[in-house]
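First up is the structure itself, then whatever we jot down about it.
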Protein chains: 2
Amino acid sequence: MTDKQVPDVVVGRLPLYLRTLKQLQTEGRRVISSAQLAKLLHLNPAQIRKDLSMFGEFGRQGVGYTIPDLIAQLERILHVDRTWEMIVVGAGALGQALVNYPGFEINGFRIAAIYDNDPAKIGKPIGRFIVRDVQYMPEDVRSHGWRIGILAVPEAAAQAVAEQMVSAGIRAILCYAPTVLTLPGNVQVQYIDPIVHLQHMAFYLEETD
Amino acid sequence: MTDKQVPDVVVGRLPLYLRTLKQLQTEGRRVISSAQLAKLLHLNPAQIRKDLSMFGEFGRQGVGYTIPDLIAQLERILHVDRTWEMIVVGAGALGQALVNYPGFEINGFRIAAIYDNDPAKIGKPIGRFIVRDVQYMPEDVRSHGWRIGILAVPEAAAQAVAEQMVSAGIRAILCYAPTVLTLPGNVQVQYIDPIVHLQHMAFYLEETD
DNA sequence: AGGATGTTGTGCTTATTTTCCCAATATGAC
DNA sequence: GTCATATTGGGAAAATAAGCACAACATCCT
Ligand SMILES: NC(=O)c1ccc[n+]([C@@H]2O[C@H](COP(=O)([O-])OP(=O)(O)OC[C@H]3O[C@@H](n4cnc5c(N)ncnc54)[C@H](O)[C@@H]3O)[C@@H](O)[C@H]2O)c1
Ligand SMILES: NC(=O)c1ccc[n+]([C@@H]2O[C@H](COP(=O)([O-])OP(=O)(O)OC[C@H]3O[C@@H](n4cnc5c(N)ncnc54)[C@H](O)[C@@H]3O)[C@@H](O)[C@H]2O)c1
């Protein structure tokens, strides 16, 4: 099932290419070379060409890549030439920021519902939603066939909630809780933890105050 | 200065080890083997041992690692055996969530100020702060010697604001704006963009609705 | 005391990823 | 048409990262 032909590191760079190409498109650019794109992304041009060449021949020798075409190809490859509906579980500070973020809709994703287990939050409006009781989440996920979930609950609840999401049919989880989830191998998981990034950078900072 | 001995991928895993060890410590565990830690992190035990061995010999053969000791070592290595003060620029939805996040303080970081350029936000309270006019940011950064900044402004403003931060003395930026910053090589930058992760996962999802 | 079991640190091997390089092709100037 | 310049795609080499396997040591049980 998983295209083991294509290394995961390569897949991980495609969204960065796509993001930059969309940005260039809004600036009115029509064509770009791997060298120019590489400069914007601080990458090696050969790496970009090789990454793209795993999926086809999208460029023109001597010319470069036509931006709208390459955007369309990348959207197809990444399966974002459609809109995926997503759920958010956890209507705290982060869940609220996510629900109001317009970036999802213009990049292939759309929040369809938000859940919490706090009676004080259930039924309250957040953005264009009413927070739903998380006990209805599995049923909603099943009936709508939703496949993607954003997990924004406290760490202590993350594993249990993730398991409920998966057993309801969720197959991709973006986890904001600072923990590693243990889930079946056919479930995609990605993590966002600012502490990890800050500590990574702190390593390179000099100790002096 | 930068331990070019130590690959950046290794540095990137240390915060994950530290996070898990702290979690284990709260559960009362005192000792852990590389095999057990690897299982929790879904990594190879040899990789963990090799990563740690780049910085010293922290384990005991036949026994494993003493959790409090290893935590102390990792905190020292990552330079989080202290508290770094940080600024947040951008008091929008995300900036507000960040300011109220308690995770920073227990992991070596502390938000010291938050800035915006919107007159409607400047002067308003957010969490324990009053939003300050971003025009005072450079002066504040210089006078306090702050080195770390979180960038939570719209993409269109990110590069310019980042340059102001750097020229004021900021040396590490956690960027939430969906763009690649171009900054001097002595400035650390890390990015958080949920769209990138979602598109990465979407690649592996079957196209079927 | 000795054997069974468990664990580290690391030399070496294997796997993966990145980069180099160049034939092939495109465009524009004259 | 020819030449100068720009650029891709991909084979091959180089660089980097991951994993195996084992000597050395620790603990526990009898
Ligand atoms: N706020 C931030 O800036 C930030 C930054 C980094 C990471 N995080 C992480 O993101 C997660 C959410 O952060 P937050 O600041 O929004 O926290 P929060 O405490 O504001 O919100 C968490 C929400 O999850 C709900 N919840 C708890 N258990 C639940 C369950 N079993 N089912 C459904 N809902 C449940 C709570 O009622 C609450 O509304 C946490 O894991 C946090 O560590 C937050
Ligand atoms: N909200 C989310 O969940 C989310 C998710 C992913 C990424 N992001 C990204 O994070 C960034 C912030 O997101 P947000 O939702 O908080 O946006 P937001 O629009 O709510 O807030 C942005 C804030 O930045 C301020 N700002 C604009 N220009 C500024 C400048 N030059 N100096 C100082 N402040 C300035 C604005 O006044 C505003 O208060 C954006 O780049 C966004 O794309 C947000």
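For clarity, every value in this text was computed on a predicted model and none was experimentally measured. Any value given below was found using the heavy atoms of this structure, including those in side chains, with hydrogens, waters and symmetry copies removed. Throughout, protein chains are lettered first and strands after them, A, B, ... in sequence-line order, and every chain is numbered starting at 1.
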### Message
Any residue in residues 17-26 of chain A with a heavy atom nearer than 4.0 angstrom to DNA chain D? Just list them by number, or reply none.
### Response
none
### Task
Applying side chain to side chain contact (heavy atoms under 4.5 Å, CB included), name anything that partners Asn117(A), two or more places apart in sequence or on another chain.
Val134(A)
## Note on the structure
Here the distance between atom C1' of dT8(D) and atom CG of Leu37(A), to the nearest Å, is 14 Å
### Of Gln36(B) and Ser53(B), the one whose closest DNA chain C nucleotide lies more 5'
Gln36(B)
### Query
Can you name the side chain to side chain contact (heavy atoms under 4.5 Å, CB included) partners of Val161(A), sequence neighbours left out?
Val89(A), Leu151(A), Val153(A), Ala157(A), Met165(A)
Expected rows: protein N/O vs nucleotides 17-24 of chain D N/O, under 3.5 Å:
from    : atom 1 : to       : atom 2 : distance (Å)
dA18(D) : OP1    : Arg13(B) : NH1    : 3.3
dA18(D) : OP2    : Arg13(B) : NH1    : 3.2
dA18(D) : OP2    : Arg13(B) : NH2    : 3.1
dA18(D) : OP2    : Gln47(B) : NE2    : 3.2
dA18(D) : O5'    : Gln47(B) : NE2    : 3.2
dG19(D) : O6     : Lys50(B) : NZ     : 2.4
dC20(D) : OP2    : Asn44(B) : ND2    : 3.3
dA21(D) : N6     : Arg49(B) : NH2    : 3.1
dA24(D) : N3     : Gln61(B) : OE1    : 3.2

### Query
Got a sec, which residues hit ring pair (Phe, Tyr, Trp, His ring centres under 6.0 Å) with Phe129(A), two or more places apart in sequence or on another chain?
none
### Task
Not counting sequence neighbours, list each pair that qualifies as a salt bridge (charged side-chain N to carboxylate O under 4.0 Å, His left out) and has a residue in residues 156-174 of chain B.
none
### Query
Partners of Tyr191(A) by ring pair (Phe, Tyr, Trp, His ring centres under 6.0 Å), sequence neighbours excluded?
none
### Message
According to side-chain hydrogen bond (donor to acceptor under 3.5 Å, both in side chains), who are the partners of Asn107(A), at least two apart in sequence or on a separate chain?
### Response
Lys22(A)
### Task
Provide the full list of salt bridge (charged side-chain N to carboxylate O under 4.0 Å, His left out) pairs with a residue in residues 83-103 of chain A, sequence neighbours left out, each pair given once.
Glu85(A)-Arg110(A)
### Counterpart residues, side-chain hydrogen bond (donor to acceptor under 3.5 Å, both in side chains), relative to Thr179(B) (two or more places apart)
none
#### Entry: Tyr65(A) side chain near dG9(D) phosphate (N/O to OP1/OP2, under 4.0 Å)
yes
### Set of residues satisfying side-chain hydrogen bond (donor to acceptor under 3.5 Å, both in side chains) with respect to Tyr115(B), sequence neighbours excluded
Asp140(B)
### Task
Could you check Met54(A) against Gly64(A) and say which one's nearest nucleotide on DNA chain D is further toward the 5' end?
Gly64(A)
#### Entry: Donor-acceptor contact below 3.5 Å, side chain Gln199(B) vs main chain Val196(B)
no
#### Entry: Salt-bridge criterion met for Arg128(A) and Glu105(A) (N-O under 4.0 Å)
yes
### Query
Which nucleotide span of DNA chain C, 5' end to 3' end, has atoms closer than 4.0 Å to non-hydrogen atoms of chain A?
dT17(C) to dT27(C)
### Message
Nearest whole Å is fine: how far is dT8(D) P from Ile48(A) CD1?
### Response
9 Å
